[in-house]
Amino acid sequence: MLVFLSLMAMVASAFASGRLKIAQADWDFGIVPQQSTISHEYWISNVGTDTLRNIIVKPG
Amino acid sequence: MQKNVLAPGESTVVELIFNTGIYKGKVGKSARVLSSDSSATASAISFSANVFASADTAARIWLDPERIEFDQKTKKISLELANRGREVISLEPIAGVLKELKLKIKDHNIAPDKTGKIEFEWKGEFPQNDLKKTITFAVHGSNIDRLSIPVVVKGTSPQPQPARATSPTVKPDGTTLKDAIKQPSKPPTTPAGK
């Protein structure tokens, strides 16, 4: 019984994972002036059942 | 980005910043988002914009000023928006409005060849460093769907001045550092027998 429960826990942890979700991944500023700094904030969420790690953002 | 590790249910914010410089026309940039989520290998964030030049006489919307800049002496700015199109337009803020910023659209519907006003007022404290944000408006009634206005809140810290070349130092006896360098230095003398 104990072995069975341990096995079930291992299987459950193997399936648990962090899942990345980005709300509104694309943003349209519309018309903007020259010589200006424009910025937008994107919300990134973990909708999974485990910790989401090593989140990095790379240009391009 | 504020955090690079998220517990289940947690969120964080990533800010993409872009300087329009002398760009003109449509521009788009993107960034990849990587994480331990192996199923999200193609995640990306992106933006698009249509950069207009001040002297563009064909523009359907003119703004004056084109950007809002608050400092401790200027906390209230009135922006004029001229409708150079053929339809009545109205503006609605949809993103970027800070809680310290009071926005008042004085003219909700702007007829063709008419000008409307939007008042911006900074009600909050001034930050230490410059704060740069962008307010995006939906434009109803026009084929220009959106327009974005950059907002800068000048910080209270003095900005570091660029390093400048200094002139030769003048000593009290009138000699300059340049003159001092020309004098040959005398070697130290050691006492005899030691």
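All chains are named by letter (A, B, ...) in the order of the sequence lines, taking the proteins before the strands, and each is independently numbered beginning at 1.
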Asks: Checking side chain to side chain contact (heavy atoms under 4.5 Å, CB included) for the pair A:Q35/B:R67: CA distance, chi angles, key distance, verdict?
Replies: CA-CA 10 Å; A:Q35 304 289 358; B:R67 58 192 67 78; 4.1 Å; yes
Asks: With a 4.5 Å heavy-atom cut-off, do A:I56 and B:N4 have their side chains touching?
Replies: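 A:I56 does not reach B:N4 side chain to side chain.
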Asks: Measure B:I17 against the heavy atoms of chain A and call it side chain, backbone, both or neither at under 4.5 Å.
Replies: both
Asks: Could you measure the distance from the CD1 atom of A:I44 to the NZ atom of B:K3? Nearest 0.5 Å is fine.
Replies: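 So the gap between those two atoms works out to 12.0 Å.
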Asks: Evaluate the side-chain hydrogen bond (donor to acceptor under 3.5 Å, both in side chains) criterion for residues B:S46 and A:D26: first the C-alpha distance (whole Å), next the side-chain angles of each, then the deciding distance (0.1 Å), finally the verdict.
Replies: CA-CA 5 Å; B:S46 60; A:D26 183 52; 2.6 Å; yes
Asks: Picking from B:T12, B:V5, B:D37, what satisfies side-chain contact (heavy atoms from CB on, under 4.5 Å) with A:L52?
Replies: B:D37
Asks: Give the C-alpha distance, both sets of side-chain angles, the deciding distance and a yes or no for side chain to side chain contact (heavy atoms under 4.5 Å, CB included) between B:S43 and A:I22.
Replies: CA-CA 8 Å; B:S43 294; A:I22 305 172; 4.0 Å; yes
Asks: Using only heavy-atom distances, determine whether the side chains of A:Q34 and B:T20 contain a donor-acceptor pair under 3.5 Å.
Replies: no
Asks: Can you tell me how far the OG atom of B:S148 sits from the NE2 atom of A:H40, to the nearest 0.5 Å?
Replies: 9.5 Å
Asks: Quick one: what part of A:L20 sits under 4.5 Å from any heavy atom of chain B, side chain, backbone, both or neither?
Replies: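 Contact with chain B is through both the backbone and side chain of A:L20.
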Asks: Contact part of B:A138 toward chain A, heavy-atom cut-off under 4.5 Å: side chain, backbone, both or neither?
Replies: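 For B:A138, there is no contact with chain A at all, as no heavy atom is under 4.5 Å.
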Asks: Applying side-chain hydrogen bond (donor to acceptor under 3.5 Å, both in side chains) between A:S39 and each of B:K132, B:K133, B:E15, report the one that passes.
Replies: B:E15
Asks: Can you tell which part of B:S30 gets under 4.5 Å to a heavy atom of chain A, answering side chain, backbone, both or neither?
Replies: both
Asks: Which region of B:Y23, side chain (C-beta onward) or backbone (N, CA, C, O), has a non-hydrogen atom less than 4.5 Å from a non-hydrogen atom of chain A, or is it both or neither?
Replies: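 B:Y23 touches chain A through backbone heavy atoms alone.
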